[in-house]
Amino acid sequence: MNYRHAFHAGNFADLVKHAGLLRLMATLTKAPGPLTVIDTHAGRGLYDLSGAEAQRSGEAEAGIAQLMKAADLPAAFGPLRAAVNKLNNSGPTKLYPGSPRLIADTLRKKDSYIACELRGEEHAALRMALKGRTGVETLCADGYETAVSRCPPKGAVLVLIDPPFERPDDYTRIVATLKAIGRRNRDAVVMIWLPIKDLQTFDHFLNEAQDTGIGPLLVGECRMRPLNDPMKMNGCALVTARAPADFAASMEEMCRWTAQTLGQNGQGRVSTLS
């Protein structure tokens, strides 16, 4: 599969992922020490929702456009709506920030961010999107390898693993990376985004992730529709290792609102695996 996120920017999965990311960043940047953030599959960092790709898919219209005008929006989505409003100067939502832009805008002077993007064209766009940012490094490199090799052995670390799942070994490499990071830094927080197509694949991954021994896993599921067709992306999940204590309540708000408001007989739920 030749994946291009420009077709999917601002869709329901981005809403859950980016609201969760901002919630983690808000908590982790309250600590006095520096924070290292590593993004394994950063993408281009900024997306034009008026472009041909977004207009063709219509996913942004069914996602971020609905969030921006929602009257009953949970507090957990407040930072994401504020970030999108700021990017668009409180006007129509024509631009959408990817995780690199959201992270870079949240960093303190003492923090650092390593954004990895293996595709040359996407990496070039990423460099432009983050040009001139202090403490930010972009790499056209394998994000899984970089996450392990550049993860400091001590101190606060957040690793975002968000692959496009176009390779058959993505699930295996996520598990291996999770295990290696858990051994390298006992304080590292790892947030993994996953599509939900069928329960067999999802449950198998959760079992493998548990076996890494990294510690408690907070699992937020946003099921947009019943899992009747494994060929469709029926939902998404955020699996967070060593999540802060206050993250579960926000995660539940995000998953439930998205599934129930934007889905078709959708369901959102949160569980903990120890």
Side-chain angles (χ1 to χ4, degrees), residues 1-21 39-70 73 77 80-81 83-102 115-130 140 143 160 162-168 170 193-198 201 222-238 254-255 257-266:
M1 181 174 67
N2 184 13
Y3 180 90
R4 292 184 63 187
H5 193 66
F7 287 97
H8 312 291
N11 69 356
F12 78 90
D14 266 0
L15 305 187
V16 174
K17 174 178 62 181
H18 291 146
L21 173 63
D39 194 348
T40 63
H41 298 77
R44 58 175 47 227
L46 187 64
Y47 298 93
D48 180 5
L49 300 184
S50 66
E53 297 97 333
Q55 291 294 309
R56 177 178 162 186
S57 73
E59 292 186 30
E61 181 60 33
I64 187 60
Q66 302 307 310
L67 182 147
M68 296 304 289
K69 63 185 181 183
L73 195 67
F77 280 113
L80 178 59
R81 178 147 72 176
V84 174
N85 259 329
K86 182 178 180 181
L87 180 62
N88 290 278
N89 296 314
S90 299
T93 306
K94 296 182 179 180
L95 298 175
Y96 186 80
S99 57
R101 180 66 180 257
L102 294 171
C116 304
E117 175 51 54
L118 196 54
R119 300 173 185 80
E121 181 181 350
E122 294 292 285
H123 177 256
L126 175 66
R127 288 186 63 187
M128 288 299 298
L130 299 182
C140 190
L160 172 62
D162 173 29
F165 291 93
E166 62 184 1
R167 297 174 59 95
D170 272 321
W193 178 89
L194 301 158
I196 297 179
K197 294 185 176 182
D198 63 277
T201 302
C222 176
R223 301 187 186 185
M224 298 294 282
R225 61 184 68 87
L227 309 185
N228 298 328
D229 186 351
M231 299 305 293
K232 291 183 178 180
M233 190 169 83
N234 296 305
C236 70
L238 286 182
M254 299 168 199
C255 291
W257 183 88
T258 303
Q260 294 174 1
T261 306
L262 305 182
Q264 302 163 342
N265 297 317

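A quick note: this is a predicted structure, and the numbers were derived from the prediction, not measured.
- Using a distance-only test at 3.5 Å, with no hydrogens or angles considered, a donor-acceptor pair links the side chain of Glu117 to the main chain of Gly43.
- Contact of the Val84 side chain with the Met68 side chain is registered, since non-hydrogen atoms from C-beta on lie closer than 4.5 Å.
- Remark: side-chain polar atoms of Thr40 are paired, donor with acceptor, to backbone N or O of Leu160 under 3.5 angstrom.
- Nearest heavy-atom pair, Leu49 versus Ala60, reported as atom, atom and distance to 0.1 Å: CD2-CB, 3.8 Å.
- In this structure a side-chain-to-backbone donor-acceptor pair under 3.5 Å is present from Asn88 to Leu95.
- Between Pro163 and Asp170, the shortest heavy-atom contact is CB-OD1, 3.9 Å.
- In terms of heavy atoms, Gly143 sits closest to Cys116 at CA-CB, 3.8 Å.
- Considering every non-hydrogen atom in both Ala70 and Trp257, the closest pair reads CB-CZ2, 3.6 Å.
- A heavy-atom distance below 4.5 Å is not found between the side chains of Phe7 and Glu59.
- Summarising the geometry, atom CG belonging to Asn265 is positioned 11.5 Å from atom CE belonging to Met224; distances are rounded to the nearest 0.5 Å.
- For the pair Arg119 (side chain) and Ala124 (backbone), a donor-acceptor distance under 3.5 Å is absent.
- Residues Arg44 and Glu53 are not paired through a salt bridge, judged by the lack of any N-O separation under 4.0 Å between the basic side chain and the carboxylate.
- Ring planes of Phe165 and Trp193: tilted class, angle from 30 to 60°.
- You'll find the side chain of Ser99 stays beyond 4.5 Å of the side chain of Lys17, heavy atoms only.
- In this structure Tyr96 satisfies the ring pair (Phe, Tyr, Trp, His ring centres under 6.0 Å) test together with His18, sequence neighbours excluded.
- Residues Ile196 and Cys236 come closest through the heavy atom pair CD1-O, 3.4 Å.
- A pairwise comparison of heavy atoms in Pro97 and Leu46 identifies CA-CD1, 4.3 Å as the closest pair.
- For the pair Asn234 (side chain) and Asp229 (backbone), a donor-acceptor distance under 3.5 Å is present.
- Between Ile64 atom CD1 and Leu80 atom CG the span is 5.0 Å, to the nearest 0.5 Å.
- Although no hydrogens or angles enter the test, the distance criterion places a donor-acceptor pair under 3.5 Å between the side chain of Asn11 and the main chain of Ala13.
- The CG atom of Leu67 sits 11.5 Å away from atom CG of Asp14, with the distance rounded to the nearest 0.5 Å.
- Here the CZ-NZ distance, from Arg225 to Lys232, works out to 6.0 Å after rounding to the nearest 0.5 Å.
- Taking CZ of Arg101 as the start and CG of Leu87 as the end, the distance is 5.0 Å to the nearest 0.5 Å.
- No donor-acceptor distance shorter than 3.5 angstrom exists from the side chain of Arg81 to the backbone of Leu73, with no hydrogens or angles considered.
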